[in-house]
Amino acid sequence: MVMRALTRLLPSPHGPMDAATRRIAIMLVYTAVALTILEFVFRPEFFGRHFPQWSTPHGGLYPHLWWAFGTITFYLPIPMLIVRFGFGQRVRDYGWRFDVPLRHWALYGVMLLVMMPIVFYAANRPDFLAVYPFYRAAFVASRDTVLVWEIAYLAQFLALEFFFRGFLAIGLGHVLGRAAVWVAVVPYCMIHYHKPLPEALAAIVAGVILGEVAQRTRSIAGGVVVHTGVALTMDLLALRMR
């Protein structure tokens, strides 16, 4: 209603909105809504305030699982439903495919190896050790509890890669081309605002590289390999340092 009134008062110089523009609008509005809900509702602090009786068992594991649940839900199944039933397109065309050529897997391995020296350097910095692992009780928790956390933690990276590299970088790329990579970098950098400054800045570079790789291979596999590999290594190094 508001848009119709605006159109009557101020006609667009570009004409009516076409199907491709509507699809872009839906994706970007969903991105804004999803990131806002995740920030205000699915932070561990929100869980602690509203469910205090469940916030202390297992060293505060449940608030962190709440965060992982929200992240996975808003980054993976909901965008998939939008693609399949909202756009009438295949999720596979948005990067959800892992049957990539062997040379691509070799590239992913090289990317992961390149990251390892940076990860080892970061693991010795006090600002990184103050953040990783997110589940701070991992230093004293049982192995089973840590395993549950790591499974949830790594699963949300799979969802994250589909959202930023598949749904946005590849999906928007159907209309915007390579410019979609740069569009996807903006919200991707912003979700790192709770991280150390070097990591937030590095997210810009990583977002561009992983977005380009996703667009060129038509798969999110590279981002999944690099992201989960780096995250798991960082957690293990942080635990070892303590």
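All residue numbers in this chain count up from 1 along the given sequence. From a predicted model like this one, the values you see are computed outputs, not experimental measurements.
Nearest heavy-atom pair across Arg136 and Leu129 is NH2-O, 2.9 Å. Leu113 and Pro117 get closest at one heavy-atom pair: O-CD, 3.3 Å. Nearest heavy-atom pair across Leu172 and Val183 is CD1-CG1, 3.9 Å. Heavy-atom minimum distance, Phe40 versus Phe46: O-CD1, 3.3 Å. Across every non-hydrogen atom of Ser219 and Arg97, the tightest pair is OG-O, 2.5 Å. The minimum heavy-atom distance linking Pro196 with Asp127 is given by the pair CG-O, 3.7 Å.
Shown are Trp54, Phe42, Phe47; of these, the side chain to side chain contact (heavy atoms under 4.5 Å, CB included) with Pro63 is made only by Phe47. Here the options are Phe134, Tyr62, Tyr135, the test is ring pair (Phe, Tyr, Trp, His ring centres under 6.0 Å), and the partner is Trp67; only Phe134 passes.
Judged purely by atom type and a 3.5 angstrom limit, Ser55 uses its side chain to pair as donor or acceptor with the backbone of Phe51. A donor-acceptor contact shorter than 3.5 Å is absent between the side chain of Gln215 and the backbone of Ala180.
With contacts defined as side-chain heavy-atom distances shorter than 4.5 Å, the pair Leu168/Pro187 qualifies. In this structure, Met111 and Val213 have side chains that are in contact, with non-hydrogen atoms separated by less than 4.5 Å. Here the side chains of Arg216 and Arg178 are in contact, with some heavy-atom distance below 4.5 Å. For the pair Val181/Phe164, no side-chain contact is recorded, criterion being any heavy-atom separation below 4.5 Å from C-beta on. A 4.5 Å side-chain heavy-atom check between Ile220 and Phe98 finds at least one atom pair inside the cut-off. Leu65 places none of its side-chain heavy atoms less than 4.5 Å from the side chain of His58.
Rounding to the nearest 0.5 Å gives a distance of 14.5 Å between CD1 of Ile72 and CZ of Phe163. Interatomic distance, Leu154 CG to Phe157 CZ, rounded to the nearest 0.5 Å: 7.0 Å. Rounded to the nearest 0.5 angstrom, Thr233 OG1 and Ile118 CD1 are separated by 12.5 Å. To the nearest 0.5 Å, atoms CG (Leu237) and CG (Leu232) are separated by 9.5 Å. Interatomic distance, CD1 of Ile209 versus CD1 of Ile204, reported as 12.0 Å (0.5 Å rounding). With values rounded to the nearest 0.5 angstrom, Leu160 atom CG is found 10.0 Å from Leu210 atom CG.
Between the side chains of His227 and Glu161, at least one donor-acceptor pair of N or O atoms lies under 3.5 Å. For the residue pair Gln156 / Tyr75, no side-chain donor-acceptor distance below 3.5 Å is found, with atom types taken as modelled. With no hydrogens or angles considered, a side-chain donor-acceptor pair links Tyr132 and Glu199 at under 3.5 Å.
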Check against side-chain contact (heavy atoms from CB on, under 4.5 Å), Thr228 and Leu158: CA-CA 8 Å; Thr228 56; Leu158 172 64; 5.9 Å; no
Derivation and outcome, side-chain contact (heavy atoms from CB on, under 4.5 Å), residues Arg218 and Asp93: CA-CA 7 Å; Arg218 316 308 297 172; Asp93 294 334; over 6 Å; no
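Salt bridge Arg49/Glu45: absent, no basic N to carboxylate O contact under 4.0 Å. Note on Arg240 versus Asp235: no salt bridge recorded, every NZ/NE/NH1/NH2 to OD/OE distance being 4.0 Å or above.
At most 12 non-hydrogen atoms from other residues, nucleotides or ligands lie less than 6.0 angstrom from CZ of Phe120. The 12-atom threshold is exceeded at CE of Met116, counting heavy atoms of other residues, nucleotides or ligands nearer than 6.0 Å.
Linking ILVMFWY residues whenever their side-chain heavy atoms come closer than 4.5 Å, directly or via other members, places Leu107 and Val205 in the same cluster. Linking ILVMFWY residues whenever their side-chain heavy atoms come closer than 4.5 Å, directly or via other members, leaves Ile170 and Tyr188 in distinct clusters. Follow the hydrophobic side-chain contacts under 4.5 Å out from Tyr153 and you reach Val225 in the same cluster. Residues Leu81 and Val83 do not share a hydrophobic cluster, clusters being chains of Ile/Leu/Val/Met/Phe/Trp/Tyr side chains in contact below 4.5 Å.
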Using atom types as modelled, flag every donor-acceptor pair under 3.5 Å from a side chain in residues 19-38 to any protein atom, sequence neighbours excluded.
residue : atom : partner : partner atom : Å
Thr21   : OG1  : Asp18   : OD1          : 2.6
Arg22   : NH1  : Met17   : O            : 2.8
Tyr30   : OH   : Phe74   : O            : 2.6
Thr31   : OG1  : Met27   : O            : 2.8
Thr36   : OG1  : Ala32   : O            : 2.7

Output side-chain donor-acceptor pairs under 3.5 Å for residues 137-149, partner residues at least two apart or in another chain, one line each.
residue : atom : partner : partner atom : Å
Ser142  : OG   : Thr145  : N            : 3.3
Ser142  : OG   : Thr145  : OG1          : 2.9

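Between Phe162 and Trp96, the angle of the ring planes goes over 60°, which puts this pair in the perpendicular group of the 30/60° scheme. Between His104 and Tyr108, the ring planes lie tilted relative to each other; the angle falls in the 30° to 60° range.
With ring centers used as reference points, His174 lies under 6.0 Å from Tyr94.
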